[in-house]
Structure formats: structure tokens, C-alpha cells
Amino acid sequence: MQLSWKTLNELECDFGEAFFLLDVQAFRKNYEEFLDAFRVIYPRSRIAYSYKTNYIPRLCWEVDRMGGYAEVVSSMEYDVALRVGVDPRQIIFNGPYKSEHDLERALLAGSVVNLDAYYEVDLIEAIGRRHPQAELKVGLRCNFELEDHHSSRFGFDAGAGGDLYEALKRLESIDNCVVAGLHCHFSSGHRSVESYVRRTRRLLELSASCFPRQPPHFIDVGGGYFSKMSPELRSQFPGPVPSYGEYSAAIASEVAAAYPGADGPELILEPGSALTSDVMCFVAKVVARKRVRTRELALVAGSIHNIKPTLHGKQLPMTVVSAADLPDESHGERPADIVGYTCMEHDCLQRGYRQRVRPGDYVVFQNVGAYTVVMKPPFIRPAPAILVLDDKNSVEVARRAECWDDLFGAFIFPNQPEPALPPRPPGAV
């Protein structure tokens, strides 16, 4: 996406000094490339898009339009899927905490619920007794050891003495419960091809053991895949960054070998970052520049919480868009730290930026599509707008800028009537 200073300045006038730009076409391309890489090896592959990574309704709607599942981990996300228009039968409900109401609503609507812990088995039994005519379709999340002896807290223990088989036995004893498949997902940071080979093989072993007479309806290998990224960002990772095709060779090849016929299980994949990371950028205006002893600082109308709320240490790809006629207030060409609007010392969006950056410029950070929208805290300032900008610079608002009421509307202000707030200009925060 080529961005001119004029375009960004026009967007600022309508939406404020900071905003996200969402490239829907790039998201569609990522989705299709990821799915095609798997289907060329195992045709019964399907994407279940991870809502928790980025639940912008515009993206969730695209996934549904392209035939993907909605993978949700809370009733809040479940409601997003329903509001988008997703058929409940196309929703997969994961996560460690699901209330009895959550389970009952999803199961009676026809959604698949992947159980995470033994307490949910008790709830399924109670729901089954209350609704004997309904089919309750569940899966089991499996917990097994990875190569680094990492012990995950999620899922049923598939090791010796674990509770996986006991849970399976109890669920199979419920007349109207169908155990449809097995699920795994690991958040340990292991994203290598070898790691996915190992977890897929182990999941296939468990499937053969748990479903000895016929294949399960599905095998769900979860998410955690690397996204596309620039060489600049790729170089900051200690090991190789696999492509979609390399992940497919690691996973789909194993499933195809285990189930060579046409009646094998559906292979479900739960990408989030792999589809979204590179389809959003964050734009913030440079407000001021100053020098503190030997340190150069460029203040922008954004925060580290807008681009990396997990506070990881990677330097995200960044460019500066300048107007040719802006006055030169760059204090020379010394490297500058790009700092944010909060009162926290750690609010540094990029350290030692070596190119010219001046008040009136716009900084543009790439690879901010994963977890930024869903994890940005309501700290200091509300969240900025999210805009869809096409090749003709036509603008679609995916989310308006948050305002005071969005953050404080649920609070009770003691001994005060509700204040009458003055009207706010477009994009104001």
C-alpha cells in the first residue's frame, strides 16, 4: 500500500492524528494462499479463523464469506460471530473457561465445543439430561509433552495416568453426546516445522487410539503459525521463519499419510497471526521533537500499546511519510527514539531511528494486525479508528475512533448527575 503525505493528512482531518489502515485484499490473499497450501496435499483441510487474534467484524465477515469456521474462546467472541451472520454450526468454541450457559447455548445451536478440562464433562452430562433430544457435538483438547518438556496448562492430559481417556469414556456414555474429534494448540513459542510434525504425529496417534473403528469427524491442530514478514523483521527471530507451504508439508502430509482415502477426517487449522499480522499498519503523526542531553526524541500521537501491546522486543518495520515543504526541525540527522503519548518510560515505539523524522511527518508501522486491536488497554487515550483504504483511496470505516463514553459509560460516578458532554469533532479522542 503506497501512502502519500497528502492522503494521510486528509485522513487525519477526518479521523484524528492516529489510525489503523486495514488491507482487506491482503487478508483475502493470505487466507486463500494458506488454505490452498494445505488443500493441495490434503483436500479436506479447512480454516477456523482465530477471533482472539483480531476480531474486527470486517475480517470475521470475510472469513465467513470465504467458507471458514469462526474459532472463538468466549461468549463475547461467540456473539461477534453471530452478529456477523455466522451460522452457529460453523463456529468452533475453544478456551479454558466456558460457563454452563455458554456450553448449553453453543451446543444446542449446533456449534462444536472443544472441551478443555474435566469440569466441563460434568456440565455436558447435565446439559444432556436436560435436552435428551439434542445432539451435543464436542471435541477434546489434548495436552501432551513437546520437545522442550514444556508443560501446558490447557487440555486433557494424554500421558500415562492422564484424564483424556477417562473423559472420553464418560462422554461416550452420554446417549446424545458425539465426540467428534481431537484438538491441540500450544502457545509455548514453538513455531518450527519440526514442532508441527511432532504435534501432528502425536495427535494422529491419539486419534487412532481414541477412534479405533472409524476416523473422527475432525483433527484440529490449532494455530501459532508464523506470518509473512519483511527480511528486516525476519532477521530478528533466532531461527527460520517457515512459509505456509512448509507448514503444510509438515502437517497435511502427515494427515494424508494416515488417512489416504477420501473418508478421512477434516483437518482444521486455526491461524490468526499468520493471516492478519501483515494486513494492518498503524499511522501516527509526529507531534514534536526534542533533545534530552544526548538523546533525541520524536513524540508521536500513538503509543507502544497500539503496535505491540505484549511489549515484545522486536523492532517493527517503520517508514516516515514527509511533506516536501515542511520546515526542517530535525535537529540534525542524529538517530531518534520514536516515543508515545503515555507517561511511561517504556513507551518507545522504535529506538534509534536513523532517518529524518520531523514534526508534521507521519510514522507508519507495519505488521501490527495481530493482537493490537484486541489487547490495546484503555490507558491514557481511547483507541483510534480502523480504516479500510482501497487502491483508489476510497475509505471504509471498520471501527470509528473510541470516545469518552465508550470507556466510561459503564462506570458509576457517585453523587453526580450524568454530565452533558460537548460534541466531539470527527476522530477526536
Ring centers of [X], [Y] separated by less than 6.0 Å:
X: Phe34; Y: Phe38; result: yes
X: Phe365; Y: Phe282; result: no
X: Tyr69; Y: Phe218; result: no
X: Tyr225; Y: Tyr196; result: yes

Do [Y] and [X] meet the salt-bridge criterion of a basic N to acidic O distance under 4.0 Å?
X: Asp79; Y: Arg105; value: yes
X: Glu62; Y: Arg65; value: yes
X: Arg141; Y: Asp220; value: no
X: Glu172; Y: Lys169; value: no
X: Arg400; Y: Asp406; value: yes

**Study point:** Stepwise side chain to side chain contact (heavy atoms under 4.5 Å, CB included) check, Asn94 with Glu270
**Key:** CA-CA 11 Å; Asn94 291 328; Glu270 298 177 351; 3.0 Å; yes
**Parallel, tilted or perpendicular: ring planes of Tyr31 versus Phe27, cut at 30 and 60 degrees** =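 Rings of Tyr31 and Phe27: tilted, as their planes differ by 30° to 60°.
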Looking only at heavy atoms, what is the nearest atom pair of [X] and [Y], with distance?
X: Ser111; Y: Tyr78; result: OG-OH, 2.8 Å
X: Ala70; Y: Ala81; result: CB-CB, 4.1 Å
X: Val357; Y: Ala298; result: CG1-CB, 4.3 Å

Under a 3.5 Å distance rule, please check whether [X] uses its side chain to pair with a backbone N or O of [Y] as donor and acceptor.
X: Asp157; Y: Asp163; answer: no
X: Asn54; Y: Ile56; answer: yes
X: Lys98; Y: Asn114; answer: yes
X: Asp278; Y: Asn367; answer: no
X: Glu254; Y: Ile251; answer: no
X: Glu104; Y: Glu100; answer: no
X: Asp116; Y: Gly155; answer: yes

Margin query: So if I apply the side chain to side chain contact (heavy atoms under 4.5 Å, CB included) rule between Phe20 and each of Val388, Ile307, Asn306, which one comes out positive?
Written below: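 Result: among Val388, Ile307, Asn306, Asn306 is the only option passing the side chain to side chain contact (heavy atoms under 4.5 Å, CB included) with Phe20.
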**Study point:** Contact list for residues 366-379, test salt bridge (Lys or Arg N to Asp or Glu O under 4.0 Å), sequence neighbours left out
**Key:**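 Residue pairs passing salt bridge (Lys or Arg N to Asp or Glu O under 4.0 Å), neighbours aside: none found.
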Trace of the side chain to side chain contact (heavy atoms under 4.5 Å, CB included) decision for Tyr371 with Lys52: CA-CA 7 Å; Tyr371 295 102; Lys52 66 180 177 293; 4.2 Å; yes
Verify the distance criterion only: is there a donor paired with an acceptor across the side chains of [X] and [Y] at less than 3.5 Å?
X: Asn9; Y: Tyr362; answer: yes
X: Thr7; Y: Ser4; answer: yes
X: Ser74; Y: Tyr51; answer: no

- Quick one: do Cys210 and Leu182 satisfy side chain to side chain contact (heavy atoms under 4.5 Å, CB included)? Show the steps, please. CA-CA 9 Å; Cys210 291; Leu182 299 182; 4.3 Å; yes
Legend entry - Verdict with reasoning, Lys6 to Glu10, per salt bridge (Lys or Arg N to Asp or Glu O under 4.0 Å): CA-CA 6 Å; Lys6 181 177 181 294; Glu10 290 172 352; 2.6 Å; yes
Of all residues at least two apart in sequence or in a different chain, which pass the side-chain contact (heavy atoms from CB on, under 4.5 Å) check with Gln315?
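side-chain contact (heavy atoms from CB on, under 4.5 Å) list for Gln315, sorted by chain: Gln236, Gln350, Arg351.
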*Where do Asp64 and Gln90 land on the side-chain hydrogen bond (donor to acceptor under 3.5 Å, both in side chains) test, with the steps shown first?*
CA-CA 8 Å; Asp64 188 56; Gln90 304 300 307; over 6 Å; no
